[in-house]
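Naming convention: chains lettered A, B, ... in sequence-line order (proteins, then strands); numbering from 1 in each chain.
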Number of protein chains: 2
Amino acid sequence: MARPKAQIPGETVTQIIDCAEDLICHRGYNGFSYRDIAEHVGIRTASIHYHFPTKGDLAAQVAKRYGERFNVILQSIADRDPNPVTRLEAYAGLFRTALAEHDRMCLCGMLGAESATLPEPVRLEVESFFQLNRDWLETVIADGEREGKLSLRAPAPTQAHLLLAAMEGGMMLARNKNDTALFDMIAHAAIEPLAA
Amino acid sequence: MARPKAQIPGETVTQIIDCAEDLICHRGYNGFSYRDIAEHVGIRTASIHYHFPTKGDLAAQVAKRYGERFNVILQSIADRDPNPVTRLEAYAGLFRTALAEHDRMCLCGMLGAESATLPEPVRLEVESFFQLNRDWLETVIADGEREGKLSLRAPAPTQAHLLLAAMEGGMMLARNKNDTALFDMIAHAAIEPLAA
DNA sequence: GTCTATAAGATGATAGAC
DNA sequence: GTCTATCATCTTATAGAC
């Protein structure tokens with residue numbers, strides 16, 4: 001009667017992706033192995049290969065889910081908050097929370113640095129994530145200017161690029177120094193000048 | 001009479017450090033091995049261990065030299081150029097050149113993302129590099145404001161942090177997209193608003 | 001200072017039983 | 001879908017000859 005390995009359908013896959021996401025955020029693509037995941041999830045590495053034949057397949061799916069979830073959150077921020085400044089602050093808050101509560105880099109900030117060693121499908125997911133961020137930021141910033149609530153010294157696309165760079169760079173610096181306040185300072189300095 | 005392995009004193013060590021620096025800028029600490037260096041320099045991995053017992057020793061020395069050289073260049077910029085705006089543009093130009101001409105990340109931007117997996121001595125060298133940058137930027141920015149050539153919306157230390165974050169984040173984004181112009185846009189957007 | 005030889009363990013991945 | 005077993009290769013590192 002014992003069926004100790006019976007699982008809720010898709011449960012193992014979810015655990016694997018969850019674990020891989022956490023590992024990548026902390027250690028990067030080249031800093032984790034199937035073994036790390038196997039030990040944490042309580043399965044064998046062969047089982048991971050059943051679900052994700054190669055490490056690139058796994059990382060690509062992790063990055064894909066990360067982007068999809070991020071997209072949903074971004075939409076919900078835009079939906080519930082009409083103020084461009086607090087929208088941008090909520091945006092920065094997403095990165096801040098990951099950093100402060102889980103000591104995590106942005107998954108794509110980590111993978112982005114490793115771009116040169118990434119399987120192409122992974123690199124492309126990372127690129128899509130950044131594009132998603134830029135598009136959202138550009139819309140928020142352009143809308144804010146049109147409403148007279150932001151005053152820009154450079155075009156909205158440029159400001160969007162700068163803000164994203166500040167987030168990713170700020171996370172990296174804060175993490176190296178183990179100082180979340182450093183990220184807050186950078187995020188605030190990046191957003192505040194846009195306010196009219 | 002053949003002494004094929006005779007070397008100019010310190011020449012091999014220099015070649016190893018040069019090669020390791022290049023590899024780290026491209027692939028990161030966890031993305032290269034002693035084997036990569038051995039093949040490129042034309043020696044055996046055991047010879048590298050003679051000069052650098054552990055990978056951490058090697059990376060720490062690479063990061064140390066990188067910081068020292070960077071410091072020299074920063075001083076020379078400050079010495080020959082009194083204008084704060086063009087000083088900052090020259091600063092950004094350092095990163096831009098590495099990116100455009102060698103497709104290189106900043107060595108410490110790469111290592112910084114990997115902070116969690118780095119041997120402590122390496123992590124500390126990286127932290128020193130960032131401190132060096134912040135100090136230089138802070139001085140340039142504070143001097144510029146005192147002379148009335150810059151007009152700051154936030155204190156000089158905060159602006160210095162933001163500028164550094166924009167450089168590191170901008171390099172990562174530009175590299176992931178293989179688009180140097182993206183870095184230029186970000187660098188300009190970070191510097192221009194400081195001009196009085 | 002460089003080499004050969006070697007170790008001990010990690011790594012991504014596959015074949016085939018259950 | 002998970003397991004055992006196995007693989008070839010890579011990785012960091014050391015011992016000792018030259």
Honestly curious: do A:Met167 and A:Met185 fall in one hydrophobic cluster under the side-chain, below-4.5 Å linking rule? no

Choose from D:dA13, D:dC3, D:dT2 the nucleotide whose nearest atom is closest to any side-chain atom of A:His51. D:dT2

What is the distance from [atom1] of [X] to [atom2] of [N], rounded to the nearest Å?
X       : N      : atom1 : atom2 : result
A:Ile37 : C:dG12 : CD1   : C1'   : 12 Å
B:Lys55 : D:dT11 : NZ    : P     : 8 Å
B:Asn30 : C:dA10 : CG    : P     : 15 Å
A:Phe52 : D:dT2  : CZ    : C1'   : 15 Å
B:His49 : C:dT2  : NE2   : P     : 14 Å
A:Glu39 : C:dT11 : CD    : P     : 9 Å
B:Ile48 : D:dT14 : CD1   : C1'   : 15 Å
B:Arg44 : D:dA17 : CZ    : P     : 19 Å

Can you tell me if [X] touches the phosphate of [N], counting only side-chain N or O atoms and a distance under 4.0 Å to OP1 or OP2?
X       : N      : value
A:Ser47 : D:dG1  : no
A:Arg35 : C:dA10 : yes
B:Ser33 : D:dC10 : no
A:Thr45 : C:dG12 : no

Determine whether more than 12 heavy atoms belonging to other residues, nucleotides or ligands lie under 6.0 Å from atom NE2 of A:His40. no

Would you mind classifying the nucleic acid contact of B:Phe32 as base, sugar-phosphate or nothing, using non-hydrogen atoms under 4.0 angstrom? sugar-phosphate

Answer with base, sugar-phosphate or nothing: what part of the nucleic acid does B:Tyr34 contact at a heavy-atom distance below 4.0 Å? sugar-phosphate

Report the relative orientation of the aromatic rings in A:Tyr91 and A:Phe70; use parallel for angles under 30°, tilted for 30 to 60°, perpendicular for over 60°. perpendicular

Please figure out whether B:Asp36 or A:Tyr50 has its closest DNA chain D nucleotide nearer the 5' end. A:Tyr50

Looking at A:Glu114 and B:Arg27, is there a salt bridge between them, counting it only when a charged N and a carboxylate O are closer than 4.0 Å? no

Whether B:Glu192 and A:Arg153 form a salt bridge (side-chain N of Lys/Arg under 4.0 Å from carboxylate O of Asp/Glu) is what I want to check. yes

